[in-house]
Structures are given as C-alpha cells and as structure tokens.
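Read the structure below first, then the notes.
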There are 2 protein chains.
Amino acid sequence: MSDPIPVADAEHDRALYEPLTQSVRHLVDLTIRSEADDDAVRRAHQLIDEAAALLGSRATPGSFGVRTDAAGQRMPWGNVAIGLRNAIAPPLDVHRDSDGRATVDLVLGAPYEGPPGQVHGGVCALVLDHVLGATAHHRHQTAFTGTLTIRYVRPTWLGPLRAEAWIEREEGSKTFAVGHILGPDGEVTAQAEGVFIRPRPAR
Amino acid sequence: MSDPIPVADAEHDRALYEPLTQSVRHLVDLTIRSEADDDAVRRAHQLIDEAAALLGSRATPGSFGVRTDAAGQRMPWGNVAIGLRNAIAPPLDVHRDSDGRATVDLVLGAPYEGPPGQVHGGVCALVLDHVLGATAHHRHQTAFTGTLTIRYVRPTWLGPLRAEAWIEREEGSKTFAVGHILGPDGEVTAQAEGVFIRPRPAR
C-alpha cells in the first residue's frame, strides 16, 4: 500500500469542498426529480459543464486515495460511503463506542431508490458493509470485507433510517460483526453478518 | 404498489436528461479529484447552485418511482444502479440471455472508491445485488432481494470490470442466483449468491 499523501491545510480544504459537495448532492437529486421546462434544463446543463471545466482545470489523476492531515489523521474524503468530497456518499457519519459498536443515522432520498419508494437492496448492502466494517477498525486501520450476508426482512422505505452494528467475536485479524437497518418506527428492515479482515501492516 | 405514471414523450425526455446526467456524473468525479485554485472552485460552486435552482424550478416531490412510456415499457430512470437520470448509477447496462443469464461490463472510477484504489466492498455488493436480481426478472416484473451473500476473494481494483450472474434454480416465486465480479484479467474478485423474490401481482 502506498504512503498516505499529506495535505497542507485540511481545514481550508474542508471549508472549500464540503459545501461544494453538498451542492452537488442536491444537484444529483434534482437531476432525477426535475420537471423544469426544456430551456431551463438545457441552461442548467451548460452551467454544469462550465463548473466541471473549472474543477477539472487541475485535477489529481486516478482516485482520491488515502491522504492525511498535518496531525496524521486519515482523510477518506473520496470514499463512496463516508467521503466529504464524494457526492454519492450520504455521507455516513458513523459513531463508534469504545467497545466497537457502530451507529449511524441517515436519510436516504430519491438518489438511493430501487423499487418504487424503497431503498435499493444494494444500497442497504453498502450501508451495512460500511457500518459492520467500522466495528473492525483499530487505530485508524481500515478493515477489508471478507464475507457479507444480508437478509432483507421487509421493505426499507426512503427516508430516515438508522444502521447499527456490533462485534460478535474477534479471532486474530478477523472481526465477526452483526448489525441491521432500522426504519423510522424502529422495525428491522435488513439484517447483516460479516467477517472483516485487517491486513498486516505494510512495514 | 401504485400504478405506474405514464410519460408523454419518453424519447424527448431521454434526449434531454441522459446527456445532462452524464455531465453530472463527470461533475461528481471532478468534485473528488479537483485541485483547481480556490477561485475556480468557488465559481464552480456558484454555477452548480444556479443549475440546481433551474432544475428545481419545478420538480416532482418524493422520488422518481416507476413510470412507463407510451408503449408500456418500464422506465427505471431514477434507479441507483441503472437509472439514466441517476448520476450515482454507473449506470449498469445489464444484458439478459433468454435463459436468464445476466452480464454487465462496467468501468468504476474514483467515485466508487473504498480502500485506496479499490472499489468499496459495498459497491461490489450493489453491483452483484442488481446483476443477480436481474436473472429473476420475469416480463418486466421487479424481483426483491431476499438474501444476499458475498465473498470477497481479492481486491477489486477501480477500472474496467465485468459482473455475471445466472440462475441456479427456481422454486415458485423464488429465484436462487449466483454470480461474480471479474477483474480485467478475468480473475474473480468477489462471488455472490442470492435469493430473489417476485411479489404477487397487485391485481
């Protein structure tokens, strides 16, 4: 694994990119739901291409990868689940207890739809993969998913949701985690179990 | 389930929204990778907000839901995996054989990152959920995921990928499907098995 790329001024970058990304999330949502007249849509399209040209005037090749701030904290800003610069990410703001229990409250709208009005089963899997995986993180080290099993017990409706996960047991570098997604009335919509693996340090 | 919403002119809407959404996908990618100077980022942010105001001048409440064109074909345009108006969707263009085998070639870039340079395990799950589920579609009827199990056997690197799925067996409304993701050299990176359920018709 390559060395993390240090970032000169993470707070400056956060203040610049976090609200930008929030606006792009809003744009993704409206691109799905817009019923504007054709001229407005075409003008919006032009503005979006202008914005992309500005952002692309200088861009890192490849992906965001792993970077660290001046204090050595990981900045997973490109991450599809939690990245503050990734408009696909809701983003998940996962809270971890000292015993490894992970919880996240989230609201999933139109961009996460599968069946009409419902969260796509694969998005439930993405959320559960990430929240179960978070239980296995030790001292900022990422854990990789080994296996993941999900049981969909009832529809997960778009709207406010909670995901929770906790450690069932640990064996060496493996963490066996379980968890679920809860709907607004606290009913379980999907259950998950997974095995997560921490790779050996590179050095 | 509510009746599908008929769309007056699907071809017109496709010509308007498909390239718009492609531009928004590009924007999502550049929002992650941009290294432009601050003024350019701030100007891009303004343009994006202007575009969102135009698109939002009239918008459907809630989600896109299920709509049909004049010929009665389903238009899952808001779908997070395949929706032509959903910038989160790569979008997956799944090909189905007459025996239900489903295949999709796709390229996943920076917006789908989990570990550095790799596709997030949850995105692999989203792709596999959708491709396995596609084997269970009968005459345009959506199948819901019952259970899904994924084994991650090696890293899935960002870049060109293929996902394949086929029916293992069917029992009444249940389809037992298996499949995998292949990397560029044809090696299996993740394996999946799932049970998919077709709901009884509403009427």
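Convention: sequence-line order gives letters A, B, ...; per-chain numbering from 1.
Minimum heavy-atom separation, B:S57 to A:A36: OG-CB, 3.5 Å. Taking all atoms of both residues into account, the shortest heavy-atom contact from B:N86 to A:P111 is ND2-O, 2.9 Å. Taking both residues in full, the closest heavy atoms of B:L20 and A:H45 are given as N-CE1, 3.4 Å, listed atom of the first, atom of the second, then distance.
At least one side-chain heavy atom of B:L16 sits under 4.5 Å from a side-chain heavy atom of A:R42. Taking the side chain as every heavy atom from C-beta outward, A:D129 and B:H120 approach each other to under 4.5 Å. When side chains are defined from C-beta on, B:L47 counts as touching A:L54, because their heavy atoms get closer than 4.5 Å. Contact annotation: the side chain of A:W77 never approaches that of B:I32 to less than 4.5 Å [non-hydrogen atoms, C-beta and beyond]. Within the 4.5 Å cutoff, side-chain heavy atoms of B:V28 are placed close to those of A:I88. Side-chain atoms of B:P76 and A:E113, non-hydrogen and from C-beta on, never get closer than 4.5 Å to each other. You'll find the side chain of B:R33 stays beyond 4.5 Å of the side chain of A:F64, heavy atoms only.
Side-chain N/O atoms of A:D38 and B:H12 include a donor and acceptor closer than 3.5 Å.
A donor-acceptor pair under 3.5 Å is formed between the side chain of B:S34 and the backbone N or O of A:L55. Checking side-chain atoms of B:R151 against main-chain N and O of A:T147 turns up no donor-acceptor pair under 3.5 Å.
Looking at B:Y112, the atoms closer than 4.5 Å to chain A (heavy atoms on both sides) sit in the backbone and in the side chain alike. In this structure, the portions of A:P19 lying under 4.5 Å from any heavy atom of chain B include both its backbone and its side chain. Both the backbone and the side chain of B:I150 come within contact range of chain A, each with at least one heavy atom under 4.5 Å from a heavy atom of that chain. In this structure, chain A has heavy atoms under 4.5 Å from both the backbone and the side chain of B:N79.
Chain B forms the most heavy-atom pairs under 4.5 Å with one residue out of A:P155, A:P115, A:G146, and that residue is A:G146.
A salt bridge links B:R67 with A:E35: the closest approach of a Lys/Arg side-chain nitrogen to an acidic carboxylate oxygen falls below 4.0 angstrom.
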